[in-house]
Amino acid sequence: MANRYLAFGYKIADGKLCVEETEAELVKAAFTLYAAGKSYSQIAERFTLSGIRYNIDSDKWNKNMVKRIIENDKYIGRNGYPQIIEEKLYNKANKTRLAKNINKPPEKTELDNFLRTHSECPICSSPIKRQNQCYGENKSVAYKCTNSVCPAKSVKENRLVNLITELLNMVADDLSLADEPVITAIADSEQTDDMANDIYIKMLTEYDKDEVLADIYELAKIKFRNSIKTDMSAVTERIKKELCKYGILAEPHLPLMQKIISKFYVGGQDELSILLTNGKLITRSVN
């Protein structure tokens, strides 16, 4: 990615440093949106849709680009740069930024990162993102599929945390739930690859939700029939030993999850399933 030698929102004209008006509008929007409670990622999504590039290499914005704008005091007229925003707005946005960093315990950040990097949509296999759904007094955070056309539902963070805790306690209470043989390879992937591509294409166009779900379940059956099974008894025993170290959990325990969970499937029919490191899928059925 090319580096900008000038901050976003500025240009050189007639040998002088001046404001680039089109970009400056996004700078103002970044500060007002962030001060109002929008996340870096949400702002980046909006800016990508605007069609205005942050740099020449990519037409997509990311949260780090927005973060660099919010933290940059050049926009209030520092270091010889023309002023784009009022200092009051700059201070308000950065007060919000600092408050988020201070109020978030390190262990909460680590848990968020683990969930984000180990979560996947059970319907389309896209990554899961953590996003704000409401602001102010009604502020809530949810985990949702990054594929905008996917019919998977979002799961509120507090509910997701409760579901993870329930599943961990469920397996700890009945260790035999981890005993199932593991599927580690697919004998013939050509058919399943074609089916997966067809499902993806349907989801990008006008599609019937029930038809797509039926295709997904059929794909899962084919993968299971064509699978090769491997003995993972040693891994299963390690999972059981880890679970036996703890009593009833009141909340997700990150060190335990890092040792026994390889993936979370969030937003499907059952809201949450966890894949243990031995390949066993654990689901809490929704009544």
Fill in the blank from the handout: dist Phe31:CZ -> Ile76:CD1 (nearest 0.5 Å) comes out at 8.0 Å
Handout entry: Counterpart residues, side chain to side chain donor-acceptor pair (under 3.5 Å), relative to Asp14 (two or more places apart)
Key = none
Taking only distance into account, with no hydrogens and no angle test, what donor-acceptor pairs under 3.5 Å do side-chain atoms of residues 258-267 form with protein atoms, sequence neighbours excluded?
| residue | atom | partner | partner atom | Å |
| --- | --- | --- | --- | --- |
| Ser262 | OG | Leu275 | O | 3.1 |
| Ser262 | OG | Leu276 | O | 3.4 |
| Lys263 | NZ | Glu120 | OE1 | 3.0 |

Problem - Test item: Asp270 side-chain N/O and Leu272 main-chain N/O as donor-acceptor pair under 3.5 Å - result: no
Exercise for the section: Would you give the length of the straight line joining atom CZ of Arg130 to atom OG of Ser119, rounded to the nearest 0.5 angstrom? Expected result: 11.5 Å
Exercise for the section: Report yes or no: does Trp61 contribute a side-chain atom to a donor-acceptor pair with the main-chain N or O of Leu49 at less than 3.5 Å? Expected result: no
Problem - Non-neighbouring partners of Tyr34 that pass ring-ring contact (aromatic ring centres under 6.0 Å, His included), sequence neighbours left out - result: Tyr40
Completion exercise
For Lys240, the side-chain contact (heavy atoms from CB on, under 4.5 Å) test, sequence neighbours excluded, returns Leu175, Asp179, Thr236, Glu237
Exercise for the section: Measure the shortest side-chain to side-chain distance between Asn72 and Arg68 over non-hydrogen atoms and say whether it is less than 4.5 angstrom. Expected result: no
Exercise for the section: Find out if a path of hydrophobic residues (ILVMFWY) with successive side-chain heavy-atom gaps under 4.5 Å connects Met257 to Leu281. Expected result: no
Handout entry: Side chain proximity check, Ile52 to Phe47, heavy atoms < 4.5 angstrom
Key = no
Exercise for the section: Take Asn94 and Arg97, measure what side-chain hydrogen bond (donor to acceptor under 3.5 Å, both in side chains) needs, and give me the verdict at the end. Expected result: CA-CA 5 Å; Asn94 279 276; Arg97 175 179 64 83; 2.9 Å; yes
Practice task
Identify the two heavy atoms, one from Lys74 and one from Ala7, that lie closest to each other, and give their separation to 0.1 Å.
Solution key: CD-CB, 4.3 Å
Problem - Distance, nearest 0.5 Å, that separates NZ of Lys153 from CD1 of Ile123 - result: 9.0 Å
Practice task
Write down the atom of Leu26, the atom of Ser50, and the distance for their closest heavy-atom approach.
Solution key: CD1-OG, 3.9 Å
Problem - Any side-chain heavy-atom pair of Glu21 and Val19 under 4.5 Å - result: yes
Practice task
Enter the distance from Ile164:CD1 to Leu249:CG here, rounded to the nearest 0.5 Å.
Solution key: 11.5 Å
Practice task
State whether the number of non-hydrogen atoms from other residues, nucleotides or ligands found under 6.0 Å of Glu71 atom CD is greater than 12.
Solution key: yes
Exercise for the section: Show the numbers, then the answer: is there a side-chain contact (heavy atoms from CB on, under 4.5 Å) between Leu33 and Arg46? Expected result: CA-CA 10 Å; Leu33 289 168; Arg46 292 169 67 109; 3.5 Å; yes
Problem - Closest non-hydrogen atom pair between Ile70 and Ala93, with its separation - result: CG2-CB, 4.3 Å
Problem - Tyr75/Phe8 under ring pair (Phe, Tyr, Trp, His ring centres under 6.0 Å): CA gap, chis, key distance, verdict - result: CA-CA 9 Å; Tyr75 297 118; Phe8 182 83; 8.0 Å; no
Handout entry: side-chain contact (heavy atoms from CB on, under 4.5 Å) between Leu163 and Arg159, worked out
Key = CA-CA 6 Å; Leu163 289 172; Arg159 177 162 178 76; 4.0 Å; yes
Handout entry: Any donor-acceptor pair under 3.5 Å from Tyr54 side chain to Asp59 backbone
Key = no
Handout entry: Partners meeting side-chain contact (heavy atoms from CB on, under 4.5 Å) with Lys129 (sequence neighbours left out)
Key = Glu45, Gln131, Thr146
Practice task
Determine yes or no for a side-chain-to-main-chain donor-acceptor pair under 3.5 angstrom, with Asn147 supplying the side chain and Cys124 the backbone.
Solution key: no
Practice task
Taking the side chain as every heavy atom from C-beta outward, state whether Lys28 and Glu25 have any pair of such atoms under 4.5 Å apart.
Solution key: yes
Handout entry: CD on Glu271 to OG on Ser154, rounded to 0.5 Å
Key = 9.5 Å
Exercise for the section: Spell out, as yes or no, whether a donor-acceptor pair under 3.5 Å connects the side chain of Asp174 to the backbone of Met170. Expected result: no
Exercise for the section: Looking only at non-hydrogen atoms, find the nearest pair between Leu89 and Ala35 and report the distance. Expected result: CD1-CB, 4.2 Å
Exercise for the section: Could you go through the side-chain contact (heavy atoms from CB on, under 4.5 Å) check for Met65 and Ile69 one step at a time? Expected result: CA-CA 7 Å; Met65 296 171 182; Ile69 290 175; 6.0 Å; no
Problem - Heavy-atom side-chain proximity of Leu17 to Leu6 below 4.5 angstrom - result: yes
Handout entry: For Asp73, side chain to side chain donor-acceptor pair (under 3.5 Å) partners two or more places apart
Key = Arg78
Handout entry: Spacing of OG1 belonging to Thr48 relative to NZ belonging to Lys60, to within rounding of 0.5 Å
Key = 7.5 Å
Practice task
Would you name the heavy atoms of Thr283 and Ser273 that are closest together and state the gap between them?
Solution key: OG1-OG, 2.7 Å
Exercise for the section: May I ask whether Phe114 and Val161 are part of the same hydrophobic cluster, defined by side-chain heavy atoms of I, L, V, M, F, W, Y residues being less than 4.5 angstrom apart, directly or through others? Expected result: no
Exercise for the section: Could you tell me whether a side-chain N or O of Glu20 sits under 3.5 Å from a main-chain N or O of Glu23, the two making a donor and an acceptor? Expected result: yes
Practice task
May I ask you to decide if Asn169's main-chain N or O and Asp173's side chain share a donor-acceptor pair within less than 3.5 Å?
Solution key: no
Problem - Cluster link Leu167 to Tyr246, ILVMFWY, side chain under 4.5 Å - result: yes
